[in-house]
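Data first, discussion second: the structure below is written as structure tokens.
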Amino acid sequence: MTHQPQKPQDVARPPAGADRLRPAGPTPLEALTRVSQMIAGNLDLPALLRSAIRAGADAMNAEACSILLQDAAGNALRFHIVDGPQTGGLTEATVPIDDHSIAGWVAKHQRPALVPDAYQDNRFTPAYDARTGFHTRSVICVPLVAKGRPLGVIQVLNRLDGRSFDEADLDLAQAVASLIAVAIHNAEEHEARMRAERLATVGETVAGMAHFIKNILNGLRAGSYIIDQHLGGESESRVVHGWEIVKRNMQRLSTVVLDMLSYSRDRKPLCQPCHIGALCEDVVGLLQHQAAEKGVTLVTSCDVEQASVDETAVSRCLINLVGNAIDASGAGGMVYVEAHSDADPGRFVLRVRDTGCGIPPEDLDRIFDVFFSTKGSKGTGLGLAVTLKTVREHGGDVQVDSTPGQGTEFRLVLPREGSAAPAD
Ligand SMILES: Nc1ncnc2c1ncn2[C@@H]1O[C@H](COP(=O)(O)OP(=O)(O)OP(=O)(O)O)[C@@H](O)[C@H]1O
Ligand SMILES: [Mg+2]
């Protein structure tokens, strides 16, 4: 599409966008106050930049505005935010940082430009007008700089009243640009901090897991050694003993890997109708041997017939809770696994109650933290973190009451109809 330069006498004509004249915009002071408030608020960066540049443009009675940010190499600008009547295709366009466009010149020289008539200015390139069908008349373009580092430019086009921009508009644009630069800089710093924290967490996690897995591998090695020593020999019972150690450590390995996977990914539960009594019985059956070894009795009771839950995920929660209850109990201890109705008819409660050691009040706030464990090398501290996450993904919640020396009760309050909560 070719572009016809505007004839000088056209300049005084009402501009193309004048039919969408806005009601009187904010005063410069109001605009700056609004932009500062936006920066202090918690809008996400693109929304903040869009609102901030629009507030500034409204105070200048401008038809269009844009924010162009420098690429990593510092060779070109990219349209980041474009606001105006005809913006088609601009977000894919790049503007070289050189003297062949107003924005490029401003970014290159780090100086503002106040251009009363774009087509009379030899830095202006009509290519972008040709691309969008927009007609540029008057331009303000100012650099965006944060702590001496160039970020890009902001550009404001055409006063809606047909006049050209003036020095007062330029001052306002520069003030808005400083605030926008602060917002971009803050967002970058926040992002860098989050990345550093994530890396630190990953480091801690890997170190913690490596230690835990090393212990399991030691167990596997010990079991294999016993089997090796006695394979084909007289003592079959030693081989069986070695094999038990190997199986127990494989089970621990599989538990820790499954817990890590559950914890690391957001997932929507696959809810299906499930017989809750059978689910409780299965979990108790699985842990019966472990309880018997410690002299702990497991008791189940259930008055909930069916509910729609992710059976595998909820079973894992119950396994974690019952496992913890057994760990906390001594010989003669009791662990009750119960399913019953809630006061809210849309919900039911899975309750695991023990007569074990209880949880000290100072630990209660931390037991759901990932890697919080008082079991030394025997615990990863993932069980309750995974349980809470799973229950929340179902749209439910976890409650706990504990009295040191008397016992602990965990309650999983779950929707009967498995309303999968959006992953956050
Ligand atoms: N029923 C309970 N009685 C007493 N303390 C408990 C009970 N359940 C949990 N805890 C405390 O909460 C901590 C965290 O439990 P969690 O299940 O998350 O980790 P863990 O059992 O230590 O390790 P694992 O990841 O192997 O489950 C436990 O180490 C323990 O101190
Ligand atoms: Mg546990």
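Predicted, not measured: the structure shown is a model, and the values here were computed from it. Just follow the structure's listing: the first ligand is 1, and inside any ligand the first atom is 1.
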Answer yes when Asp169 and Arg159 have at least one side-chain N-carboxylate O distance shorter than 4.0 Å, and no when they do not.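 Yes, charged N to carboxylate O under 4.0 Å.
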Does the distance from a Lys or Arg side-chain N to an Asp or Glu carboxylate O, for Asp99 and Arg123, drop under 4.0 Å?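 Salt bridge between Asp99 and Arg123, a charged N being under 4.0 Å from a carboxylate O: no.
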Under 3.5 Å: N/O of [X] near N/O of ligand 1:
{"X": "Asp327", "value": "no"}
{"X": "Lys375", "value": "yes"}
{"X": "Ser373", "value": "yes"}
{"X": "Leu382", "value": "yes"}
{"X": "Ala385", "value": "no"}

State which residue, out of Leu68, Val176, Ile154, Val153, fulfils the side chain to side chain contact (heavy atoms under 4.5 Å, CB included) condition with Leu144.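 Only one option passes, and that is Ile154.
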Interatomic spacing from OH in Tyr336 to CG in Asp354 - rounded to 0.5 Å: 10.5 Å
CD/Glu293 to CD/Gln288 distance, rounded to the nearest 0.5 angstrom?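 Interatomic distance, Glu293 CD to Gln288 CD, rounded to 0.5 Å: 11.5 Å.
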Within the side chain of [X], is there an N or O that forms a donor-acceptor pair under 3.5 Å with the backbone of [Y]?
{"X": "Lys375", "Y": "Thr380", "answer": "no"}
{"X": "Gln290", "Y": "Leu287", "answer": "no"}
{"X": "Asn158", "Y": "Glu63", "answer": "no"}

Against heavy atoms of [X], which atoms of ligand 1 measure under 4.0 Å?
{"X": "Thr380", "answer": "23 (O), 24 (P), 25 (O), 26 (O)"}
{"X": "Ala328", "answer": "2 (C), 3 (N), 4 (C)"}
{"X": "Asp354", "answer": "1 (N), 2 (C)"}

Just going by heavy-atom distances, which of Gly381, Cys357, Gly407 is nearest to atom 23 (O) of ligand 1?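 Looking at heavy atoms only, the winner is Gly381.
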Heavy atoms only: which of Val386, Val352, Val400, Ile359 is nearest to atom 6 (C) of ligand 1? Ile359
Identify the protein heavy atom lying closest to [atom], giving its residue, its atom name and the separation to 0.1 Å.
{"atom": "atom 30 (C) of ligand 1", "answer": "Thr374 OG1, 3.4 Å"}
{"atom": "atom 12 (O) of ligand 1", "answer": "Ile367 CG2, 3.3 Å"}
{"atom": "atom 16 (P) of ligand 1", "answer": "Leu384 N, 3.6 Å"}
{"atom": "atom 17 (O) of ligand 1", "answer": "Asn324 ND2, 2.8 Å"}
{"atom": "atom 14 (C) of ligand 1", "answer": "Phe372 O, 3.2 Å"}

Would you kindly say whether Ser402 and Glu409 are connected by a side-chain donor-acceptor distance under 3.5 Å? no
Does one side chain, of Ser301 or Arg351, offer a donor that lies under 3.5 Å from an acceptor on the other? no
I'd like to know: is the Mg ion (ligand 2) within the 2.8 Å range of an N/O/S atom from Thr380, strictly under that distance? no
Do Phe372 and Asp363 have side chains that approach each other closer than 4.5 Å (heavy atoms only, starting at C-beta)?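 With C-beta onward as the side chain, the pair touches.
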Heavy-atom contact under 4.0 Å between Gly323 and ligand 1? no
Does Phe410 have a heavy atom less than 4.0 Å from any atom of ligand 1?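 The answer is yes: ligand 1 sits under 4.0 Å from a heavy atom of Phe410.
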What part of Leu321, side chain from CB on, backbone N/CA/C/O, both or neither, has a heavy atom under 4.0 Å from ligand 1?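 Looking at Leu321 and ligand 1, no heavy atom falls under 4.0 Å.
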Of the side chain and backbone of Thr408, name the one, both, or neither that has a heavy atom under 4.0 Å from an atom of ligand 1. side chain
Under the salt bridge (charged side-chain N to carboxylate O under 4.0 Å, His left out) test against Glu188, which residue among Arg149, Arg195, Arg193 passes? Arg149
